[in-house]
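Just the heavy atoms: all of them, side chains too, but no hydrogens, waters or symmetry mates, feed the values below. Fair warning: this is a prediction, and the values are worked out from it, not measured in the lab.
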Amino acid sequence: MSEVLLQADAVAKHFGGVRALRDVTLSIRRGEIYGLIGPNGAGKTTFFNCLTGLYVPDGGGFTFCGAPLVADAPQKAAARGIARTFQNIRLFGNMSALENVMVGRHVRTRAGVFGAMLRTAATRAEEAAIRQRAMELLHYVDIAERADDLAKNLSYGDQRRLEIARALATEPQLLCLDEPAAGMNATETAELRELIAGIRADGTTVLLIEHDVKLVMGLCDRVAVLDYGALVIEDVPAVVQKDQRVIEAYLGA
Amino acid sequence: MKNWLNPRSTAGIALISVALVALPFVAASGGQAWVRILDFAILYVFLALGLNIVVGFAGLLDLGYIAFYAVGAYAWALLASPHFGLHWPVWAILPIGAGLACVAGVLLGSPTLKLRGDYLAIVTLGFGEIVRIFMNNLNAPVNITNGPQGITLIDPVAFGAFRLSGNSQFFGLTLSGPQKYYFLLVALAIVVIVINLRLQHSRIGRAWQAIREDEIAAKAVGIDTRNIKLLAFAMGASFGGIAGGIFAAMQGFVSPESFSLIESVMVLAMVVLGGMGHIPGVILGAVLLSILPEALRYGVGPLQTALFGKQLVDPESLRMLVFGLALVLVMRFRPAGLWPSPERRRELQETAR
Amino acid sequence: MDIFLQQLINGLVQGSIYALVALGYTMVYGIMGLINFAHGEVVMIGTLLAISVAGGLLQAGWPVALAGPAGLAAAVLGCMALGWGLERVAYRPLRNAPRLTPLITAIGMSIVLQNLAMMVWGRNYLGFPALLPKAGFEVAGAHFTAVQVVIVVVSAATMAGLLALVYRTKLGMAMRATAQSPAVARLMGVDVDRVIAAAFVIGSALGALAGVMVGSYYEIAHYQMGFMLGLKAFTAAVLGGIGNLGGAMAGGVLLGIIEALGAGYIGDLTGGFLGSHYQDIFAFVVLIGVLMFKPSGLFGEKTGERA
């Protein structure tokens with residue numbers, strides 16, 4: 001298969017005496033949809049937070065696009081091309097849907113204070129481009145008609161979509177989705193599945209944490225299973241599904 | 001709002017312009033003291049809009065804002081007065097004052113902006129007191145600030161031979177010193193209003209709002225929150241420095257007394273009472289809070305005499321009492337300020353449910 | 001060396017007073033996240049009430065042993081009523097208001113109280129009646145008075161009492177629960193309104209006690225005395241980690257000692273360039289320094305210790 005986009009090497013993280021991640025090593029290839037599953041408390045979100053700079057790992061590290069990823073702050077991860085959504089949706093509630101996505105363009109644009117104060121031609125052009133790109137992304141996730149509504153007034157499913165649009169606005173190479181289907185009904189999940197497949201088809205690698213095993217197995221190219229902070233297996237869905245250790249982890253043998 | 005009052009309509013702009021031009025002449029009919037009060041009202045508009053960038057836009061609670069004003073004022077006082085025998089021109093001092101205030105802002109802000117909101121408040125408050133105490137005491141062993149006596153005989157703003165103090169003739173019209181300062185201050189205020197408006201709807205303004213809404217999410221989309229906050233802090237400080245310079249020139253006198261905590265609190269009260277982050281609201285807050293105490297000063301004494309035939313209580317304390325009560329009552333009945341932005345008002349109604 | 005000991009004693013006394021006032025700030029902040037700017041004025045009113053009542057009774061011929069406690073009781077009860085009233089009238093209606101709204105209200109109340117006090121007690125400095133014996137002691141070259149001993153002992157006893165209240169009583173448990181999460185506390189049947197009122201009332205009582213001590217110590221009082229005292233005490237609360245009772249006590253004592261030692265030695269340290277009139281900046285310099293390295297204060301953010 002194709003080149004490795006993200007390599008995690010023996011990533012470890014502990015909180016007090018709890019070892020939330022025990023030397024997790026895995027690799028995500030460019031262009032795939034990679035699933036990360038495991039029972040509650042297995043360390044999935046901790047892995048996410050280490051990857052996106054919210055936590056600093058206690059051991060090990062990441063290589064991203066062939067260079068070490070020194071992400072001790074989330075904004076650095078975003079600048080490198082890793083975007084994320086949050087399990088418990090974190091939007092800018094009192095900004096409009098369009099403005100939320102426009103904020104996502106921040107890291108790829110340059111206008112500073114003086115440009116804004118003098119309203120130079122370059123600033124105005126950039127501002128127009130930001131707005132246009134944000135609008136395109138709203139169309140892309142199919143919520144363009146809600147562009148002027150405040151984010152907090154959107155329906156739950158639309159908020160999930162808006163968060164994905166905002167993440168895509170940062171032009172990520174790797175899009176990390178933290179339980180995007182949580183709380184969605186069957187129709188919404190099916191639509192989400194289509195959206196994620198589309199994002200991959202358009203060239204963005206996707207890392208997916210999910211509880212909905214059916215969604216993961218149907219959508220992902222490869223799946224990793226975490227249990228008690230350790231990697232159990234990393235393989236294609238067909239193999240993972242039949243693995244005895246995975247079944248035990250889920251059934252709590 | 002009715003259309004003719006809308007500042008974006010041509011009629012609105014014309015009306016406001018006429019009012020702004022006529023105001024100092026109307027005020028002068030009540031004596032030059034009223035023109036001076038008007039000058040201070042506009043100086044406070046300028047200051048409050050500077051602080052609005054810090055508090056209203058970036059959501060940083062700054063209780064030591066007046067320190068930057070003090071830096072600007074002392075910069076002017078030292079560079080344009082007989083104290084050191086320096087008489088530099090306005091185009092040199094004003095940028096120096098703004099620059100020094102900006103540097104002070106960055107020096108204070110860079111280690112402290114990671115602090116939680118209320119801690120930042122007390123740190124900035126402490127900084128304000130430190131600056132004031134130094135100005136009070138830096139007269140020995142080397143006399144830099146002349147201590148509590150302050151610095152006198154400060155040069156007025158002057159463009160070449162044209163000084164803003166004293167009377168001048170224009171087309172047969174006599175303009176007093178305060179009236180000339182009025183027009184300078186209005187020009188500066190318009191500049192700061194335009195800057196506020198433009199910043200609010202820019203890439204930087206959106207980043208500020210995003211940080212206010214959810215700092216972690218803001219970081220996750222790649223906003224360097226520390227630098228963006230520092231930017232707001234430095235900008236606010238620079239505006240404070242400019243205002244301080246004009247203040248020193250206008251008064252001809254500075255002393256540490258003018259830069260006490262209550263002044264910081266006053267400017268913050270203007271921002272919050274008017275409607276944080278909403279530019280017309282902040283202007284309203286600044287004008288009201290600078291005029292109200294003065295109006296009370298002239299109103300309270302005579303009113304007592306008229307009602308009771310004598311002075312029952314000290315008019316000075318009664319005036320401050322009414323002022324304090326006004327703050328409490330406005331916050332009680334208009335918690336988002338007198339003139340909040342429509343979005344903020346809606347937010348508040350929803351959370352109150 | 002004797003200067004050191006002397007300044008240490010002075011600092012401990014001043015610090016005990018800061019600590020008592022700081023507790024009022026920290027309890028209110030811990031429970032409802034409000035910087036109660038008017039707290040310094042509550043302390044000031046406590047002092048002035050004690051002057052009026054105790055001084056008046058002394059003039060009426062009462063013995064010190066009766067007039068003193070009466071003055072203290074008047075100050076404490078008066079301030080408890082004032083604290084309760086402040087919360088009820090000014091802050092309670094603002095529970096759901098934006099964060100800065102109650103802060104401005106607190107500033108407004110501070111201005112109101114200060115000017116009311118000026119109308120009642122006038123602009124002049126008032127002498128505080130001598131309620132405690134003036135006896136002095138000499139130990140290892142350092143001088144201290146009975147007043148200082150009483151201040152330190154009473155402060156320590158009061159703080160021990162407060163800790164017992166917060167950690168041993170049902171009200172204390174309700175206070176700690178509310179500090180963690182008012183919403184959850186309410187679900188568990190805690191009367192949050194009552195808890196908040198209690199925090200104000202207790203804090204004000206401590207403030208009144210501190211006010212009487214300040215008066216006894218400096219033998220003088222003034223309607224503007226609450227401002228700097230409140231500011232320093234709040235600084236002490238933040239220094240210790242705001243919301244944390246032990247932190248407020250430690251922060252207060254620490255601040256008092258640092259100030260006293262700083263004032264005693266700054267001249268030597270700077271070769272005479274800076275004199276003891278820079279005393280007031282120590283509080284703030286130390287505060288900024290500590291927060292740079294420990295952003296939540298010296299003892300901040302340890303769960304279970306908030307009240």
Review point. Quick one: are C:Thr235 and B:Ile122 in side-chain contact, heavy atoms under 4.5 Å?
Key: yes

Point to revise | Side chain / backbone / both / neither for C:Leu103 at chain B, heavy atoms under 4.5 Å | key: side chain

Point to revise | Interchain contact, C:Arg95 with chain B, by part (heavy-atom threshold 4.5 Å) | key: neither

Review point. Near B:Arg226 CZ, under 6.0 Å, is it more than 12 heavy atoms from other residues, nucleotides or ligands?
Key: no

Exercise for review: Identify which part of B:Leu63 has an atom lying under 4.5 Å from any heavy atom of chain C, answering side chain, backbone, both or neither.
Suggested key: side chain

Practice item. Examine whether an atom of C:Met109 lies under 4.5 Å from a heavy atom of chain B, and if so say whether it belongs to the side chain, the backbone or both; otherwise answer neither. Key: both

Exercise for review: Compare every heavy atom of C:Thr105 with every heavy atom of B:Val328, then report the nearest pair and how far apart it is.
Suggested key: CG2-O, 3.8 Å

Point to revise | Heavy-atom pairs under 4.5 Å with chain C, option from B:Val55, B:Asn136, B:Thr112, B:Leu261 with the top count | key: B:Leu261

Review point. Going by heavy atoms in the side chains, are B:Phe134 and C:Ile281 under 4.5 Å from each other?
Key: yes

Exercise for review: Measure C:Leu291 against the heavy atoms of chain B and call it side chain, backbone, both or neither at under 4.5 Å.
Suggested key: both

Review point. What is the distance from atom CZ of C:Phe284 to atom OG1 of B:Thr124, rounded to the nearest 0.5 Å?
Key: 11.0 Å

Review point. Around B:Glu257, counting heavy atoms of other residues, nucleotides and ligands shown, do more than 12 lie under 6.0 Å from its CD?
Key: no

Review point. Of the listed residues (C:Ala106, C:Gly108, C:Ala90, C:Gly33), which shares the most heavy-atom pairs with chain B below a 4.5 Å separation?
Key: C:Gly108

Exercise for review: Would you give the length of the straight line joining atom CG of B:Leu61 to atom CD1 of C:Ile35, rounded to the nearest 0.5 angstrom?
Suggested key: 6.5 Å

Check your understanding: Passes side-chain contact (heavy atoms from CB on, under 4.5 Å), B:Leu321 versus C:Gln114? Steps please.
Key -> CA-CA 8 Å; B:Leu321 185 76; C:Gln114 223 183 76; over 6 Å; no

Check your understanding: Is it the backbone or the side chain of C:Leu116 that comes under 4.5 Å from a heavy atom of chain B, or both, or neither?
Key -> both

**Study point:** Residue C:Tyr91 versus chain B: region with a heavy atom under 4.5 Å
**Key:** neither

Point to revise | Separation of C:Ile104 CD1 from B:Met276 CE (nearest 0.5 Å) | key: 9.5 Å

Check your understanding: Most heavy-atom pairs under 4.5 angstrom with chain C, which of B:Glu129, B:Arg132, B:Met331?
Key -> B:Met331

Practice item. Give, for atom OG of C:Ser110 and atom CD1 of B:Ile262, the distance between the pair rounded to the nearest 0.5 Å. Key: 7.0 Å

Check your understanding: Below 4.5 Å, heavy atoms only, C-beta onward: do C:Asn115 and B:Val322 meet side chain to side chain?
Key -> no

Point to revise | Short side-chain to backbone donor-acceptor contact, C:Thr101 and B:Pro335, under 3.5 Å | key: yes

